[in-house]
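One structure below.
Note that the structure is a prediction, hence the values are computed from the model and not measured.
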Amino acid sequence: MTNEFLHFDRISRERWQQLHRKTTPPLTEEELNSIKSFNDEISLQDVMDIYLPLTNLIQIYKRAKEDLAFSKGIFLQKTLKKQPFIIGVSGSVAVGKSTTSRLLQILLSRTFENAKVELVTTDGFLYPNSVLQELNLLNRKGFPESYNMELLLNFLDHLKNGQNYQVPVYSHEIYDIVPDQTQTIQVADFVIVEGINVFQNPQNERLYITDFFDFSIYVDAEVENIEKWYLDRFGKLLDLARRDSKNYYHRFTKEPVEDVMKMARNIWKSINLVNLKDYIEPTRNRAELILHKAHNHEIDEIYLKK
């Protein structure tokens, strides 16, 4: 065990699945297939073994937060404003963060009666391509400096104060921020914030995004597995783009597949792998929980902060 994991308890899948009483999964196979990323693999058994115990753990953290808020209110002799329970989900490109986040959204909304659960991806806080081009950062898209971190912090601050907020919308089809379009994030019981940068803030050493989280999850896997998943996803994106001339990836469908996949491998090595090693993976130990995935996408180990 490396020093990074000294303050984590390592829990095997077999041990983890015993921590929650077996119940019927609160969603169908069709619902599960509809929320998973198209290069991801997840089963109802995974929901039972991994995500129901995780939802139970989040309940424990939520109760502890509410008890602390109540005690602080007594100490300060005032009623504290109710705040949403904010969950951060981080990890590499193509590791399965989106599937984890969407599944949690469904499970939390069905575990907590009448709970409103919002999901936000930090892609919307990337600077538009025109700004990145102006700053000579288009080849650094996804790196910390390509995000409008002040806007992201402002959004989280409004959330904590129980205020609605309009966030920009990002489209993977056009590979850019959608002009004049926003998503309204309303006051909610839970807000899940998902993205490769949600444990970072190198532009401000005094304030990290994790300061706003009540619980945080890092989705982890071996680098060679993530590279394979990234290339698989790239190939599937090409297939989807063949009949859509407006799709960002359509331009690559006119070139030989071997050349395009060679380019994809180069993008992985020169951009995504560098970003993972230099900026994303070093924030892993800021998570409360690490979900480690094996080569078949199945979660085999869980690390919980002591």
Side-chain polar contacts of residues 115-122 - donor-acceptor pairs under 3.5 angstrom, sequence neighbours left out - could you list them?
residue: E118; atom: OE2; partner: Q186; partner atom: N; Å: 3.0
residue: T122; atom: OG1; partner: N197; partner atom: OD1; Å: 2.6

Item to complete: Please name all residues satisfying ring pair (Phe, Tyr, Trp, His ring centres under 6.0 Å) with Y165, sequence neighbours left out, ordered by chain then number.
Response: F155, H158
Item to complete: Name all residues meeting the salt bridge (Lys or Arg N to Asp or Glu O under 4.0 Å) criterion together with E298; count only those two or more places apart in sequence or in a different chain, and write none if there are none.
Response: none
Worksheet item: In chain order, what residues pass the salt bridge (Lys or Arg N to Asp or Glu O under 4.0 Å) check against K228, with sequence neighbours excluded?
Response: D232
Discussion item. By the salt bridge (charged side-chain N to carboxylate O under 4.0 Å, His left out) test, which pairs, at least two apart or in different chains, include something from residues 167-190?
Written reply: K82-D189
Worksheet item: How would you list, by chain and number, every residue that makes a side-chain hydrogen bond (donor to acceptor under 3.5 Å, both in side chains) with S37, sequence neighbours excluded?
Response: T99, R102
Discussion item. Listing request: all ring-ring contact (aromatic ring centres under 6.0 Å, His included) pairs with a residue in residues 63-115, at least two apart in sequence or in separate chains.
Written reply: F85-F190, F112-F190
Practice prompt. Provide the full list of salt bridge (charged side-chain N to carboxylate O under 4.0 Å, His left out) pairs with a residue in residues 242-267, sequence neighbours left out, each pair given once.
Written response: D239-R242
Worksheet entry | salt bridge (Lys or Arg N to Asp or Glu O under 4.0 Å) partners for R13, two or more places apart | D46, D49
Worksheet entry | With sequence neighbours excluded, residues passing ring pair (Phe, Tyr, Trp, His ring centres under 6.0 Å) with H172 | Y170
Discussion item. K269: which residues meet the side-chain hydrogen bond (donor to acceptor under 3.5 Å, both in side chains) condition with it, sequence neighbours left out?
Written reply: none
Discussion item. My understanding is that only residues two or more places apart in sequence, or in another chain, count here; which of them pass ring pair (Phe, Tyr, Trp, His ring centres under 6.0 Å) with H297?
Written reply: W229
